[in-house]
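Since the structure comes first, as structure tokens, the remarks are kept for the end.
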Amino acid sequence: MPDKTARQAKPQKNSARRAQFCNRIAGACRLHYAYTRRSGARCCPNESHSLLVFQLLDLRFLTASMSEFFKIEGGYVFDPLNTIDGQVHDIWIRDGKIISPPSDPSVRPTRTLNASGLVVMPGGIDMHSHFAGPKVNAARKMRPEDKRNAEKVLRTSKTHSGTMGSVPSTFATGYKYAGLGYTTAFDAAVPPLSARHAHEELADTPCIDKGFFTLLGNNHYVMKSIADQEPEKLRAFVGWLTGAAKAYAIKLVNPGGVEVWKHRASGNVHTVDEVVDHFGVTPRDIIRGLAQAVDELHMPHPIHIHANNLGIPGNWETTMRTMEALEGHRGHITHIQFHSYGGGDGDEDTFCSRVQPLVDYVNSHENITVDVGHIVFGDTTSMTGDGPLGYFLHNVFGTKWFSSDTEMEAGCGIAPIKYRNMSMVHAWQWAVGLEWYLLMEDPWRIAMSTDHPNGGTFLSYPLVIRLLMDRTYRKDFMKTIHPKVRAGSVLADLDREYTLNEIAIITRASPAKLLGLKNKGHLGVGADADITIYTPHENKQTMFELPRFVIKSGNIIVEQGDIRHNHFGKTFHIAPEFDRGAENDIREWFEQYYSIRFRNYPVSADYLHGEEQVICERS
């Protein structure tokens, strides 16, 4: 603390320079920023700026912390983006970022973590999940029976309480992702009108960085612009809406089909060339138009497509036509497993895999990427922006059902489901997911997902990793599924085993690359210091279920499954440049058809917790 003389000293005349200096100190690291907020110390804008900030903060402590180095020493590093495949490396961290080792030999780390004998990877990235927004909240309320016998997440001195089941509460979601070694996740389907709700839930999801994709595949303005052959208006609207929602990417769910569902009993579209009622456009038109708009806006992630006819026998042809409709533009086909089926309509005995022709197409077209949507046997909850699919699953499983439509934009359906290993259809779905992983030639264009919770919880990722890395276990597991699938799937002939480097690709490096997150998914200089450290184990499920350490932004937040630091991550979003002159037309249309006012629709940046805008630029 300053002495009495210092406390009585008069403020300096140049308060602006002094305020700037204090702001630099207070913002030097999150620890001290949090301290200044808790203490109430701040730089006042008036001439009588107080010395209180200096009384509350020991400047010698600040200086030491600003120069603090954290070293992770001697681990086996798997960092595919930097071509490091299991070599022993040291990692230096400062201010939440990975840095080059100091050139000054006299510099010593303030903290050292001995990782000798341990496996070091970037933090995991789940690029397709469902954990925030109105449909997730509806599923939580809809399924109390799912939570009664589930694991309890108890309150501690550092954490909130929470509930589990197939749709965990917000706090539990963040803790469980972090406990699994994941430090970033994206919700894949939020209606723009519900963006504010989603952001509130993201702010309550601790430990991870996050963001969401917003739904545009059935948006009225989108379909009208395409029908009127006005690509400039379409491009401007996509740019405006993405920025207004503070979303990260755009998502197409059953393009055109959800809109037909709203107008006709059991309505849907069944091919990419079927005309959408009232608009005169086809799913092919929507896919092609939005893919072009996203590329012209230089969005970091391409259009994220949940294709038509999800889960229907014979839907592989629809998937093929969907990929062709991109016409060379970038496109990401999500939960591809659910879109890779052969068979005849209504004939379960003909249900089968058609992965091979689809994976051959993807292998030969670099504009297309996929995530898998692997299923896990057991109970879960289906929640989808695909209204007709929700109704279909309700009828198939005979369970309760929730459906909701969002004006002008989207819909959703929710139903409890159960995957059974001795069901031929479910066993095929399980096999199809593994076929995609094992037949895909380029691991940089495929990402791990279970479409949480639709195919199963994200907590199943260690099981999927074991199936990929251990062919003996995989073949033993196949003995427990329906015999027709054992006999018919190519899995029995596939001996490929993923390496740790390939696992690091499909769970870290590839999702970061597909999302356009340059500071994620690797351990190079400038990357966010998000790191997971594992204890090697012959059983890879055991190894990946319980990381030894999880480091987020340079802080150890998890140690051997225990949350040590209740870190709150940032929210990623984009704000593409677009023709501002188009806003008048958007406003006029909006005021005519929406139930809320145009000026109340956009979400402001200060509504977000720890936001980071990712720049849209040519790749």
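The structure displayed is predicted, hence computed values, not measured ones.
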Not counting sequence neighbours, which residues clear side-chain contact (heavy atoms from CB on, under 4.5 Å) with Ser100? List them please. Val525
Aromatic centroids of His332 and His128 separated by under 6.0 Å: no
Among pairs that include at least one residue of residues 240-250, which meet side chain to side chain donor-acceptor pair (under 3.5 Å), considering only residues two or more places apart or in two chains? none
Any pair counted as salt bridge (Lys or Arg N to Asp or Glu O under 4.0 Å), so long as it reaches residues 289-299, sequence neighbours left out: Arg235-Glu296, Asp295-Arg330
Only pairs under 3.5 Å count here: list side-chain donor-acceptor contacts from residues 179-198, not counting sequence neighbours, and write none if there are none.
from, atom 1, to, atom 2, distance (Å)
Asp187, OD1, Ala189, N, 3.0
Asp187, OD2, Phe131, N, 2.7
Asp187, OD2, Ala132, N, 3.0
Arg196, NH2, Asn600, O, 3.2
Arg196, NH2, Pro602, O, 3.0
His197, NE2, Glu201, OE2, 3.0

Heavy-atom donor-acceptor pair, Lys552 side chain to Val550 backbone, under 3.5 Å: no
What's the spacing between Leu459 CG and Ser166 OG if we round to 0.5 Å? 11.0 Å
Are His374 and Tyr461 near enough that their ring centres are under 6.0 Å apart? no
Is the ring centre of His199 less than 6.0 Å from the ring centre of Tyr607? no
Could I get the full list of side-chain contact (heavy atoms from CB on, under 4.5 Å) partners for Glu612, not counting sequence neighbours? Lys570, Phe572
Lys/Arg N to Asp/Glu carboxylate O, Asp209 vs Lys520, below 4.0 Å: yes
For residues Phe237 and Lys224, determine if any side-chain heavy atom of one lies less than 4.5 Å from a side-chain heavy atom of the other. no
Do Tyr175 and His160 have side-chain heavy atoms sitting under 4.5 Å apart? yes
All salt bridge (Lys or Arg N to Asp or Glu O under 4.0 Å) counterparts of Lys518, not counting sequence neighbours: Glu617
